[in-house]
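Worksheet: one structure, shown below.
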Amino acid sequence: MATVSVNELLDRHGEALRLFTDRVHAVREDQWSAPTPCTEWTVRDLVAHLTSEQLWVVPLVTGGRTVAEVGDAFDGDVLGDDPVAAWDRAADAARQAFEAPGALERTVNLSYGDTAADAYCAQMVADAVVHAWDLSRAIGADERLPARLVEFVRREVGPYAKDLSQSGLFAAPLETAPDAGPQTRLLALLGRRA
């Protein structure tokens with residue numbers, strides 16, 4: 001993780017959650033089955049992915065549980081009949097978990113091993129920002145990302161972006177024009193064409 005203060009990290013985390021929340025609240029009833037830039041996911045799948053990610057935060061950060069202990073608790077349909085309310089509850093709980101005194105100084109157990117909680121939080125910021133763009137594109141919302149979040153995510157994922165495509169979860173980085181703006185360059189780094 002790029003070196004940032006706890007306050008900056010929590011500020012970016014709050015901004016990223018608000019950005020994604022705004023997009024979730026903008027989804028029309030007829031858009032939940034629409035395709036997204038994540039080729040395997042509909043809008044509902046994308047929101048479910050982010051909701052599930054938020055649900056993991058409380059047991060890992062607050063509860064000190066391991067991935068193995070949580071197991072399949074968040075498999076299946078985490079959105080239920082009200083996807084917006086499900087997202088709001090999960091995002092609010094994740095926010096509270098990261099804001100708790102000392103939370104970012106802990107170590108959490110993720111699928112790839114023990115990780116500093118502040119690094120986990122930074123990864124969650126990146127995930128929310130990039131998927132906010134995906135969701136914006138899918139529903140026809142404003143695709144502009146706040147400059148502070150673009151810069152934060154670029155610093156976060158820059159060192160390992162080339163490895164992400166090997167995970168199978170991201171497309172390979174794309175070439176950009178020399179005069180491409182920061183958001184276009186960030187999205188291309190993550191295999192997305194702005």
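On a predicted model such as this, the values are computed, not experimentally measured, just so you know. Worth knowing before you read on, the calculation uses all heavy atoms, side chains too, and leaves out hydrogens, waters and symmetry mates.
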Verify same cluster id: [X], [Y] (apolar side-chain graph, 4.5 Å):
X: Val70; Y: Val78; answer: yes
X: Phe74; Y: Trp87; answer: yes
X: Trp32; Y: Leu50; answer: yes

request  = Check for a donor-acceptor pair, side chain of Asp45 on one end and backbone N or O of Thr42 on the other, with a separation under 3.5 Å.
outcome  =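 Side chain of Asp45 to backbone of Thr42, a donor-acceptor pair under 3.5 Å: yes, one is there.
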Ser52 side chain to Ala48 backbone, donor-acceptor under 3.5 Å =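 Not a single qualifying donor-acceptor pair exists.
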Gln96-Asp92 side chain donor-acceptor pair, cut-off 3.5 Å =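 There is such a pair (donor and acceptor under 3.5 Å, judged by atom type) between the side chains of Gln96 and Asp92.
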Shortest non-hydrogen contact from [X] toward [Y]:
X: Ser111; Y: Val67; result: N-CG2, 3.6 Å
X: Ala103; Y: Val61; result: CB-CG1, 3.9 Å
X: Ala138; Y: Pro35; result: CB-O, 3.3 Å
X: His13; Y: Val125; result: CA-CG2, 3.5 Å
X: Phe98; Y: Leu10; result: O-CD2, 3.7 Å
X: Arg23; Y: Ser136; result: NE-OG, 2.7 Å

Of all residues at least two apart in sequence or in a different chain, which pass the salt bridge (Lys or Arg N to Asp or Glu O under 4.0 Å) check with [X]?
X: Arg44; value: Asp77
X: Glu151; value: Arg154, Arg155
X: Asp142; value: Arg144
X: Arg95; value: Glu99

Any non-hydrogen side-chain atom of [X] less than 4.5 Å from a side-chain atom of [Y]?
X: Leu17; Y: Gln54; answer: yes
X: Glu53; Y: Asp127; answer: yes
X: Thr36; Y: Val43; answer: yes
X: Arg28; Y: Ile139; answer: no
X: Asp88; Y: Val24; answer: no

key: Leu110 vs Trp56, side chain to side chain contact (heavy atoms under 4.5 Å, CB included): CA-CA, chis, key distance, verdict   = CA-CA 10 Å; Leu110 303 179; Trp56 277 91; over 6 Å; no
Going from [atom1] on [X] to [atom2] on [Y], what distance comes out if it is rounded to the nearest 0.5 angstrom?
X: Thr115; Y: Asn109; atom1: OG1; atom2: CG; value: 8.0 Å
X: Arg89; Y: Asp82; atom1: CZ; atom2: CG; value: 7.0 Å
X: Cys38; Y: Arg137; atom1: SG; atom2: CZ; value: 12.0 Å
X: Leu60; Y: Thr107; atom1: CG; atom2: OG1; value: 12.0 Å

query = Hey, mind stepping through Val6 and Asp118 against side chain to side chain contact (heavy atoms under 4.5 Å, CB included) and telling me if it holds?
reply = CA-CA 8 Å; Val6 167; Asp118 60 348; over 6 Å; no
query = Run the side chain to side chain contact (heavy atoms under 4.5 Å, CB included) check on Arg12 and Val4 step by step: do they pass?
reply = CA-CA 10 Å; Arg12 297 302 81 79; Val4 297; over 6 Å; no
request  = Before giving the answer on side chain to side chain contact (heavy atoms under 4.5 Å, CB included), spell out for Arg193 and Leu187 the whole-Å C-alpha distance, their side-chain angles and the decisive distance to 0.1 Å.
outcome  = CA-CA 7 Å; Arg193 178 88 51 212; Leu187 293 169; over 6 Å; no
task = Look at the aromatic rings of Trp41 and His131 and report parallel, tilted or perpendicular, splitting at 30° and 60°.
result =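 Correct class here is tilted.
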key: Which residues share a side chain to side chain donor-acceptor pair (under 3.5 Å) with Arg148, sequence neighbours left out   =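 Partners of Arg148 by the side chain to side chain donor-acceptor pair (under 3.5 Å) criterion, ordered by chain and then number, come out as Glu15.
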ask   = Are more than 12 heavy atoms from other residues, nucleotides or ligands located less than 6.0 Å from atom CG of Asp81?
value =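 No, CG of Asp81 has 12 or fewer neighbouring heavy atoms, counting only those of other groups under 6.0 Å.
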Can you give each donor-acceptor pair under 3.5 Å made by side-chain atoms of residues 174-186, sequence neighbours left out, with the distance rounded to 0.1 Å?
unit_1, atom_1, unit_2, atom_2, d
Gln183, OE1, Leu145, N, 2.7
Gln183, NE2, Glu143, O, 2.9
Arg185, NH1, Ala180, O, 2.4

